[in-house]
Amino acid sequence: MNLSDILFAADCDGTLLQDDKTVAPEDLAAIRDFRAAGGNFVMATGRSIPTGAYLFRQLDLDLPCVLYNGSMLYDSREEKILWMTEIPKAARFLVPAALDRFAGIVGSEILTPQGLQVVAMNDLVHAHLNGLKPVPHTRTTWEALGDAHWLKVMFAMPEERMPEFSAFLRSFPAEGVRFVRSERLFFEILPTDASKGSALKRLCDLKGLTLSRAVAMGDCDNDLEMLRAARVGVAVENAFPELKAAADLVTVSNGDHAVSAVLRELMQDPEGFLLRYGKK
């Protein structure tokens with residue numbers, strides 16, 4: 001079995017990771033077996049370099065990672081940034097506008113190459129940073145980060161206020177950015193040229209691979225572009241309904257070892273898998 005031209009891209013939280021933010025032994029073993037057979041495994045996540053560090057060490061990946069929801073390609077072995085983009089300075093007024101309009105409701109984090117910078121704390125951001133696995137971060141202000149390299153901005157909102165918040169941000173004529181729902185309580189501003197789909201294309205060009213031999217798996221709206229770009233787009237059972245509707249295959253939940261389930265089936269019959277589920 002030779003899988004040298006097969007690319008498998010997996011989101012982290014809610015997909016590869018269990019709910020306690022660990023990689024299950026079943027999934028870790030499947031990834032190792034897939035790579036041992038020549039397969040190419042890439043992690044595609046919204047995480048920053050510091051928050052992904054423990055996963056880089058555990059997985060020991062030989063392919064660059066897609067970080068910050070597609071704003072960066074990062075070689076974790078060499079600890080080297082291969083490509084990154086940024087939110088245009090002309091669009092950064094969206095942050096103070098949102099913090100003013102939803103003061104006391106919204107929390108916000110600005111992500112830079114150095115990591116996660118908290119510019120507005122609320123209960124949701126606090127829970128995100130201090131959950132089962134504490135997240136490295138710095139407290140600062142958006143004004144202090146005015147000249148920094150912004151890879152993305154994340155807002156944390158109660159789910160029932162999300163439609164109102166989304167409509168507010170989308171009402172501004174801001175060029176060079178796009179808006180993405182990244183979890184049920186998180187809404188993000190990303191550079192226009194940043195998505196997991198476009199980052200996977202850059203990775204393929206860099207490594208001589210092709211998206212026509214790629215399988216991508218995720219659970220949320222920020223995974224939609226890479227599921228559409230890959231030959232087979234896979235949604236986990238716990239995914240957003242919109243993502244499951246767009247997927248070529250819906251598999252078991254992250255808690256039932258979705259990555260292992262799909263990799264094992266793919267390894268048994270790679271050509272049959274691509275033909276059975278792939279886009280025609």
Side-chain angles (χ1 to χ4, degrees), residues 10-21 43-52 55 66-72 87 91-92 94-99 101-112 115-139 142 145 150-170 174 177-191 194-197 199 218-227 235-236 238-244 254:
D11 169 54
C12 284
D13 298 276
T15 303
L16 169 61
L17 298 186
Q18 298 294 292
D19 291 341
D20 64 0
K21 306 303 180 185
M43 187 169 68
T45 177
R47 286 173 176 251
S48 66
I49 296 172
T51 59
L55 292 170
V66 174
L67 301 182
Y68 301 89
N69 279 332
S71 288
M72 179 185 286
I87 293 175
R92 297 182 183 187
L94 291 168
V95 173
L99 296 181
R101 170 64 179 79
F102 293 89
I105 301 171
V106 67
S108 185
E109 304 166 4
I110 295 174
L111 283 87
T112 71
L116 193 156
Q117 321 291 329
V118 178
V119 298
M121 184 68 77
N122 68 356
D123 290 344
L124 299 175
V125 170
H126 186 270
H128 174 233
L129 298 174
N130 298 281
L132 294 170
K133 198 168 190 67
V135 176
H137 65 279
T138 302
R139 292 291 300 271
W142 70 267
L145 294 172
W150 293 17
L151 288 155
K152 71 171 185 173
V153 177
M154 188 179 79
F155 297 100
M157 285 284 293
E159 190 168 6
E160 65 272 13
R161 300 295 296 272
M162 196 66 78
E164 177 190 358
F165 184 75
S166 171
F168 174 77
L169 281 186
R170 295 177 195 276
V177 297
R178 53 194 290 268
F179 305 107
V180 175
R181 184 91 173 266
S182 58
E183 282 191 26
R184 298 189 185 281
L185 304 174
F186 297 153
F187 192 86
E188 296 186 358
I189 302 174
L190 287 170
S195 77
K196 291 185 181 181
D219 74 314
C220 201
D221 289 354
N222 60 327
D223 299 313
L224 182 59
E225 291 92 345
M226 74 170 183
L227 263 64
V236 292
N238 51 290
F240 275 27
E242 298 85 355
L243 194 73
K244 291 199 285 188
N254 65 322

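Both backbone and side-chain heavy atoms feed into the values below; hydrogens, waters and symmetry mates do not.
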(message) Within the structure provided, determine whether Cys12 and Leu55 are in side-chain contact (heavy-atom separation under 4.5 Å).
(response) yes
(request) Decide yes or no for Asn254 and Leu17: does some side-chain heavy atom of the first lie under 4.5 Å from some side-chain heavy atom of the second? (result) no
(request) Quick one: pull up CG in Leu129 and CZ in Arg139 and give me the separation to the nearest 0.5 Å. (result) 9.0 Å
(request) May I ask you to test the Asp13-Arg47 pair for a side-chain heavy-atom distance under 4.5 Å? (result) yes
(request) Decide yes or no for Ile189 and Phe179: does some side-chain heavy atom of the first lie under 4.5 Å from some side-chain heavy atom of the second? (result) yes
(request) Give, for atom OH of Tyr68 and atom NZ of Lys196, the distance between the pair rounded to the nearest 0.5 Å. (result) 14.0 Å
(request) Could you tell me whether the side chain of Arg101 reaches within less than 4.5 Å of the side chain of Phe165, counting heavy atoms only? (result) no
(message) When you compare the side chains of Glu188 and Asn69, does any donor N or O come within less than 3.5 Å of an acceptor on the partner?
(response) yes
(request) Give, for atom CZ of Phe155 and atom CZ of Phe168, the distance between the pair rounded to the nearest 0.5 Å. (result) 9.0 Å
(request) Check whether any side-chain heavy atom of Leu190 sits under 4.5 Å from a side-chain heavy atom of Ser195, and report yes or no. (result) no
(message) Given 3.5 Å as the limit, does a donor-acceptor pair link the side chain of Trp142 with the main chain of Ile110, or not?
(response) no
(request) May I ask you to decide if the ring planes of His128 and Phe186 are parallel, tilted or perpendicular, using 30° and 60° as cut-offs? (result) perpendicular
(request) For the pair Asn122 (side chain) and Ile105 (backbone), establish whether a donor and an acceptor sit closer than 3.5 Å, ignoring hydrogens and angles. (result) yes
(request) Please name the pair of heavy atoms, one in Ala91 and one in Val177, separated by the smallest distance, quoted to 0.1 Å. (result) CB-CG1, 3.7 Å
(message) Nearest 0.5 Å, please: how far is CG in Leu116 from CG in Leu151?
(response) 11.5 Å
(request) For residues Ala235 and Leu243, report the shortest heavy-atom separation together with the two atoms involved. (result) CB-O, 4.1 Å
(request) Rounded to the nearest 0.5 Å, what's the gap from CG on Leu94 to CD1 on Ile87? Could you check? (result) 8.5 Å
(message) Has Arg181 got a side-chain atom pairing as donor or acceptor with Glu183's backbone, closer than 3.5 angstrom?
(response) yes
(message) Looking at every heavy atom in both Ala239 and Gly218, which two are closest together, and how far apart are they?
(response) CB-O, 4.2 Å
(message) Can you confirm whether Val125 sits close enough to Ser108 that some side-chain heavy atom of one is under 4.5 Å from a side-chain heavy atom of the other?
(response) no
(request) Check whether any side-chain heavy atom of Glu164 lies under 4.5 Å from a side-chain heavy atom of Met157, and answer yes or no. (result) no
(request) Can you see which heavy atom on Val236 is nearest to which on Gly14, and at what distance? (result) CG2-O, 3.6 Å
(message) Using every non-hydrogen atom in the two residues, find where Ser166 and Arg170 come nearest and quote the distance to one decimal.
(response) OG-NE, 2.8 Å
(request) Work out which heavy atom in Ser182 is nearest to a heavy atom in Cys220; give both atom names and the distance. (result) O-SG, 3.0 Å
(request) Look only at the side chain of Asp221 and the backbone of Val180, and say whether a donor-acceptor pair between them is shorter than 3.5 Å. (result) no
(request) State the CG-CD distance between Asp223 and Glu242, to the nearest 0.5 angstrom. (result) 12.5 Å
